[in-house]
Amino acid sequence: MRKSYKTEINPTQEQIQKINKTIGTCRFIYNFYIAHNKELYNKGEKFMTAKSFSVWLNNEFLLNSPEYLWIKDVSSKSVKKSMENAYTAFTRFFKKQSRFPRFKKKNKSDVKMYFVKNNPKDCFCERHRINIPTLGWVRLKEKGYIPTTKQGYVIKSGTVSCKAGRYYVSVLIEIPDQNKPQLNDFGLGIDLGLKDFAVISNGVTKKNINKTERIRKLEKQLKREQRCLSRKYEDLKKRNNKMKGEATRQNIQKQVLKVQKLHHKIDNIRTDHINKCVNEIVKTKPSYITIEDLNVKGMMKNKHLSKAVASQKFYEFRTKLEAKCKELGMELRIVDRWYPSSKLCHECGCIKRDLKLSDREYICECGYHADRDYNASLNLRDAISYKIA
């Protein structure tokens, strides 16, 4: 079984330069691959795969364009991985699973430095440091989190990424199959929402982290810093003096980093909340868990709710819950999005067609009275029609 671990690293200044250079080269190759295939399409020529593009780049383009030989200064594995990522983006577009691949912008796109284990000396991990090809030994900020090589664990591959001025390593480790726990003879239904993040059929309610005082203070601070950044951009437009304009650009970069750090901090708090919710749910060891297949894309079209829907990170919750269920041997059931979980009475099975979003209590003619979301979680738990994730 393979499992991924992600933690923050503390690279030296020389290692930071190598990481930034590799990430910049990977971004250039990704954009070059997209632009080259667009050019071939306009000429009516055949689409070029990642493998054929790599051959053309090394055997033709670099030989005729020596000014681009800096591409070979970084890890070839990272360069080839960026080509494969661009090819995957085209493949998804051809299958109508996503839109046409877009160019990656500097400091605005999630481009990573990829590495893979080539020989026994590569990807060697100790308690406080990790050996990464082309970088050497890099210190870990969180000691003991990644399983060490001395314990018998093998790192297959990994990536190094940068976010808000902080550097992270994510590794894929081969771990032995663990004994799965004994599951209890009951199931859980989870109703996700905006008022409360999750209402579970066992009576537990997970609060909406965005309504806490901590998040509200950070979002208020973020608004101030974004206004400050906007004023600096406006000030740059008015500058005619070259020296003053250069100083303003440096101040803009400092302010951009402040905004990025606040975004990153808020995102980490939300992700931590999701991780804790998933762990608390699976600790009860149910035999199955049922959730609803939410139409998040459709919910995002509502201009009044789109920000609240995006901040709840429903898809991230689903993927992490799916991974945990697979690891522990639980069954994750996905109910169709048209299943009337909120409108269905859990006692008599009657469907209340006129139920509004503002109705927070479910009151049925049979005398059944319960919270709307709790009633939905019970209906999801007892749903007969579903698919297994």
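FYI, side chains are in, hydrogens and waters are out, and symmetry mates aren't considered; it's all heavy atoms of this structure.
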Q: Not counting sequence neighbours, list each pair that qualifies as a salt bridge (charged side-chain N to carboxylate O under 4.0 Å, His left out) and has a residue in residues 327-337.
A: Lys3-Glu327, Asp293-Arg337, Glu331-Arg333
Q) For the residue pair His36 and Phe53, does the interplanar ring angle fall in the parallel (under 30°), tilted (30 to 60°) or perpendicular (over 60°) class? A) tilted
Q: Just do the salt bridge (charged side-chain N to carboxylate O under 4.0 Å, His left out) check on Asp272 and Lys276 with the steps written out, would you?
A: CA-CA 6 Å; Asp272 180 64; Lys276 288 177 179 176; 3.1 Å; yes
(Q) With a sphere of 6.0 Å drawn around NZ of Lys141, does it hold more than 12 non-hydrogen atoms of other residues, nucleotides or ligands? (A) yes
Q | Heavy-atom closest contact (Ala383 atom, Val335 atom, distance) | A | CB-CG2, 3.9 Å
Q: Ignoring hydrogens and angles, tell me if any N or O in the side chain of Gln15 forms a donor-acceptor pair with the backbone of Trp137 under 3.5 Å.
A: yes
Q: Any chance you could measure Glu292, atom CD, to Tyr339, atom OH, to the nearest 0.5 Å?
A: 9.5 Å
Q. So, does Asn379 use its side chain to make a donor-acceptor pair with the main chain of Ser341 at under 3.5 Å?
A. yes
Q.
Treating Tyr374 as the side-chain partner and Gly203 as the backbone partner, does any N or O pair qualify as donor plus acceptor under 3.5 Å?
A. no
Q: Could you tell me whether a side-chain N or O of Asn58 sits under 3.5 Å from a main-chain N or O of Ser54, the two making a donor and an acceptor?
A: yes
Q. Counting distance only, does the side-chain N/O of Asn279 pair as donor-acceptor with the main-chain N or O of Asn275 below 3.5 Å?
A. yes
Q | salt bridge (charged side-chain N to carboxylate O under 4.0 Å, His left out) assessment of Glu39 paired with Lys43 | A | CA-CA 6 Å; Glu39 187 180 344; Lys43 292 179 180 178; 3.3 Å; yes
(Q) Run Asn210 and Ser311 through side chain to side chain donor-acceptor pair (under 3.5 Å) and show every step you take. (A) CA-CA 7 Å; Asn210 299 300; Ser311 62; 3.1 Å; yes
Q) Counting only N and O atoms by type, is there a donor-acceptor contact under 3.5 Å from the side chain of Gln226 to the main-chain atoms of Val259? A) no
Q.
Would Lys313 and Thr271 count as a side chain to side chain donor-acceptor pair (under 3.5 Å) here? Give the steps.
A. CA-CA 8 Å; Lys313 306 177 92 169; Thr271 303; 2.9 Å; yes
Q: State, to 0.1 Å, how close Arg214 and Lys265 come at their nearest heavy-atom pair, and which atoms those are.
A: NH2-CE, 4.5 Å
Q | Heavy atoms from other residues, nucleotides or ligands near NZ of Lys352 exceed 12 (cutoff 6.0 Å) | A | yes
Q.
So does Lys195 get a backbone contact from the side chain of Lys211, meaning a donor-acceptor N/O pair under 3.5 Å?
A. yes
Q: Please report the closest heavy-atom contact between Arg102 and Ile34, naming both atoms and the distance.
A: O-CD1, 3.7 Å
Q.
Applying ring pair (Phe, Tyr, Trp, His ring centres under 6.0 Å), can you list everything that pairs with Tyr5, at least two apart in sequence or on another chain?
A. Tyr145
Q) Parallel, tilted or perpendicular: which describes the rings of Tyr33 and Phe47, with under 30° parallel and over 60° perpendicular? A) perpendicular
Q: List the steps, then state whether side chain to side chain contact (heavy atoms under 4.5 Å, CB included) holds for Glu280 with Val204.
A: CA-CA 10 Å; Glu280 289 176 16; Val204 178; 5.7 Å; no
Q. Is Leu332 reachable from Leu183 through a run of hydrophobic residues whose side-chain heavy atoms are each under 4.5 Å from the next?
A. yes
Q: Identify whether Phe115 and Tyr167 are in the same connected component of the hydrophobic contact network (ILVMFWY, side-chain heavy atoms under 4.5 Å).
A: yes
Q.
For Arg224 and Lys220: C-alpha separation, side-chain torsions, deciding distance, then whether side chain to side chain contact (heavy atoms under 4.5 Å, CB included) applies.
A. CA-CA 7 Å; Arg224 289 197 297 268; Lys220 193 174 181 181; 3.9 Å; yes
**Q.** Exercise: identify the closest heavy-atom pair between Ala376 and Ser342
**A.** CB-OG, 3.9 Å
Q | Joint cluster assignment, Val55 & Tyr68, ILVMFWY side-chain distance < 4.5 Å | A | no
Q: Please check if atom CD in Glu14 has more than 12 non-hydrogen atoms from other residues, nucleotides or ligands closer than 6.0 Å.
A: no
Q | Leu140 side chain near Val169 side chain, heavy-atom distance below 4.5 Å | A | yes
Q. Is the backbone of Cys125 close enough, under 3.5 Å, to the side chain of Thr148 for a donor and an acceptor to pair up by distance?
A. no
Q. How long is the gap from NE2 on His369 to CG on Asn375, to the nearest 0.5 Å?
A. 10.5 Å
Q | Under the ring pair (Phe, Tyr, Trp, His ring centres under 6.0 Å) test, residues paired with Phe317 that sit two or more places apart | A | Phe197
(Q) With a 4.5 Å cut-off on side-chain heavy atoms, are Leu135 and Met113 touching? (A) yes
Q.
Please evaluate residues Lys258 and Leu262 with respect to the criterion side chain to side chain contact (heavy atoms under 4.5 Å, CB included), reporting the C-alpha separation (whole Å), side-chain torsions for both, the decisive distance (0.1 Å), and the verdict.
A. CA-CA 6 Å; Lys258 284 184 182 180; Leu262 280 172; 5.8 Å; no
Q) Near Lys206 NZ, under 6.0 Å, is it more than 12 heavy atoms from other residues, nucleotides or ligands? A) yes
Q) Side chains of Lys18 and Thr134: closer than 4.5 Å at any heavy-atom pair? A) no
Q. Does the side chain of Leu192 come within less than 4.5 Å of Arg318's, by heavy atoms?
A. no
Q. What's the shortest heavy-atom distance between Lys104 and Ser109, and which atoms?
A. CA-OG, 3.4 Å
Q: For Asn295 and Lys297, run side chain to side chain contact (heavy atoms under 4.5 Å, CB included): C-alpha distance rounded to whole Å, both residues' side-chain angles, the deciding distance at 0.1 Å, then the answer.
A: CA-CA 6 Å; Asn295 182 18; Lys297 189 176 181 179; 4.1 Å; yes
Q: Decide yes or no on salt bridge (charged side-chain N to carboxylate O under 4.0 Å, His left out) for Glu234 and Lys237, but give the supporting numbers first.
A: CA-CA 5 Å; Glu234 291 297 325; Lys237 292 179 183 178; 3.7 Å; yes
Q) Does Asn208 reach the side chain of Asp196, with side-chain heavy atoms less than 4.5 Å apart? A) no
Q: For residues Asp373 and Thr205, determine if any side-chain heavy atom of one lies less than 4.5 Å from a side-chain heavy atom of the other.
A: no
Q) Do other residues, nucleotides or ligands put more than 12 heavy atoms under 6.0 Å from the OH atom of Tyr114? A) yes
Q.
In this structure, would Tyr41 and Trp56 fall into the same cluster of hydrophobic residues linked by side-chain contacts under 4.5 Å?
A. no
Q: Please report the closest heavy-atom contact between Phe93 and Arg99, naming both atoms and the distance.
A: CD1-C, 3.5 Å
Q. Distance-only, no hydrogens or angles: does the Tyr288 side chain make a donor-acceptor pair with backbone N or O of Arg381 under 3.5 Å?
A. yes
(Q) What I'd like to find out is whether the side chain of His128 reaches to under 4.5 Å of the side chain of Arg139, using heavy atoms alone. (A) yes
Q. Just by modelled atom types, is the Gln255 backbone N or O under 3.5 Å from a matching donor or acceptor in the Glu225 side chain?
A. no
Q: May I ask you to test the Thr149-Asn131 pair for a side-chain heavy-atom distance under 4.5 Å?
A: no
Q: Count the heavy atoms of every other residue, nucleotide or ligand shown that sit under 6.0 Å from CG of Asp354, and state whether that count exceeds 12.
A: yes
Q: Taking atom NZ of Lys117 as the centre, report whether more than 12 heavy atoms of other residues, nucleotides or ligands fall under 6.0 Å from it.
A: yes
Q | Joint cluster assignment, Met48 & Val79, ILVMFWY side-chain distance < 4.5 Å | A | yes
Q.
Just checking Phe100: does its CZ atom have more than 12 heavy atoms from other residues, nucleotides or ligands closer to it than 6.0 angstrom?
A. yes
